[in-house]
Amino acid sequence: MFESERRQRARASVEAHVRGFFTGHTITVDDYDLGPGRREAVPDLRILTVSPGPRADSWAYVTAGCWSTVETDGHGLEFVLTAPVRDERFAGLLAMTAYYHAGHQLDLGHSLPIGEPWLPRSDCDHLLISLPYLHGPDLENCPLTDGNARILWVLPVTAAEMAYRREHGHEALEQLFDEHAIVPTDPRRPSVA
């Protein structure tokens with residue numbers, strides 16, 4: 001029972017942290033059931049949906065419950081995805097990321113293919129794990145009773161951008177994003193590579 005209580009405390013701390021960071025935004029919290037055969041990988045997964053507001057003019061979707069799946073010495077990850085609209089598809093992408101993380105231990109600079117565009121008519125069909133540049137370190141660093149959760153950004157990117165990153169490195173790709181001043185929530189943004 002202790003482990004379950006520890007996971008619930010961590011999840012509650014992440015939720016409180018996100019609510020504090022996004023003060024003035026409407027936030028809904030939904031339990032996310034990954035379904036049979038997957039539910040056990042991230043048993044306490046919740047997705048927080050954050051409306052546009054004073055901190056950001058886009059929607060944000062944040063996991064709560066990933067921390068405990070792959071934490072080491074009290075340190076683990078949660079994820080944030082920003083989007084132009086409210087759509088359950090984004091909660092699904094985050095749930096997929098959480099499940100993938102449970103089996104592959106994602107971290108900064110890692111990526112995963114999603115098998116289709118993140119939005120219709122988009123060239124972005126991969127997710128890159130990055131620093132949450134849109135929100136900064138105040139969202140990224142979430143202290144917990146039993147350690148720390150780091151909230152990393154799930155950024156939709158193109159296959160060409162992933163190929164560029166493999167050849168030139170993560171920092172070079174992020175520099176290209178800066179040089180081209182990408183709008184990460186634009187589903188039709190052109191590839192920078």
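None of these values were measured; they are calculated from a predicted model.
Asp31 CG: more than 12 foreign heavy atoms inside a 6.0 Å radius. By the 6.0 Å contact criterion, CD on Gln8 is enclosed, its count of non-hydrogen atoms from other residues, nucleotides or ligands being greater than 12.
Ion pair Arg46/Glu15 flagged as a salt bridge, since at least one NZ, NE, NH1 or NH2 atom sits closer than 4.0 Å to an Asp/Glu carboxylate oxygen. Salt-bridge annotation for Arg89 and Glu116: present, with a side-chain N of the basic residue lying under 4.0 Å from a carboxylate O of the acidic one. Ion pairing between Arg6 and Glu71 holds under the 4.0 Å rule for side-chain N and carboxylate O.
A pairwise comparison of heavy atoms in Thr185 and Pro187 identifies O-CD, 3.2 Å as the closest pair. Residue Val42 comes nearest to Ala102 through the heavy atom pair CG2-CB, 4.1 Å, listed as atom of the first residue, atom of the second, then distance. Taking every heavy atom of both residues into account, Pro143 and His17 meet most closely at CD-ND1, 4.4 Å. In this structure, Pro132 and Trp153 approach most closely via the heavy-atom pair CA-CB, 3.7 Å.
One hydrophobic cluster, built from ILVMFWY side chains closer than 4.5 Å, holds both Leu108 and Leu77. Following chains of ILVMFWY side-chain contacts shorter than 4.5 Å, one can reach Phe177 starting from Leu152, so the two form part of one hydrophobic cluster. A continuous path of hydrophobic side-chain contacts links Leu81 to Val85 [ILVMFWY only; heavy atoms under 4.5 Å]. Val70 and Ile129 fall into different hydrophobic clusters, where Ile, Leu, Val, Met, Phe, Trp and Tyr are joined by side-chain heavy atoms under 4.5 Å apart, directly or via other members.
In this structure, Trp118 has its ring center closer than 6.0 angstrom to the ring center of Phe90.
Relative orientation of the His25 and Phe22 rings is perpendicular, given thresholds of 30° and 60° on the angle between their planes.
Side-chain atoms of Glu171 and Gln175 include no donor-acceptor pair closer than 3.5 Å. Under 3.5 Å, the side chains of Ser111 and Arg165 contain a donor-acceptor pair of N or O atoms. Between the side chains of Glu174 and His170, at least one donor N or O sits under 3.5 Å from an acceptor N or O.
Checking side-chain atoms of Trp67 against main-chain N and O of Leu144 turns up no donor-acceptor pair under 3.5 Å.
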Chi angles and distances behind the salt bridge (Lys or Arg N to Asp or Glu O under 4.0 Å) call for Glu161, Arg189:
CA-CA 12 Å; Glu161 290 164 345; Arg189 76 164 180 85; 2.7 Å; yes
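Taking the ring centre of Tyr99 as origin, the terminal cationic atom of Arg38 falls inside the region bounded by 6.0 Å and 45° from the ring axis.
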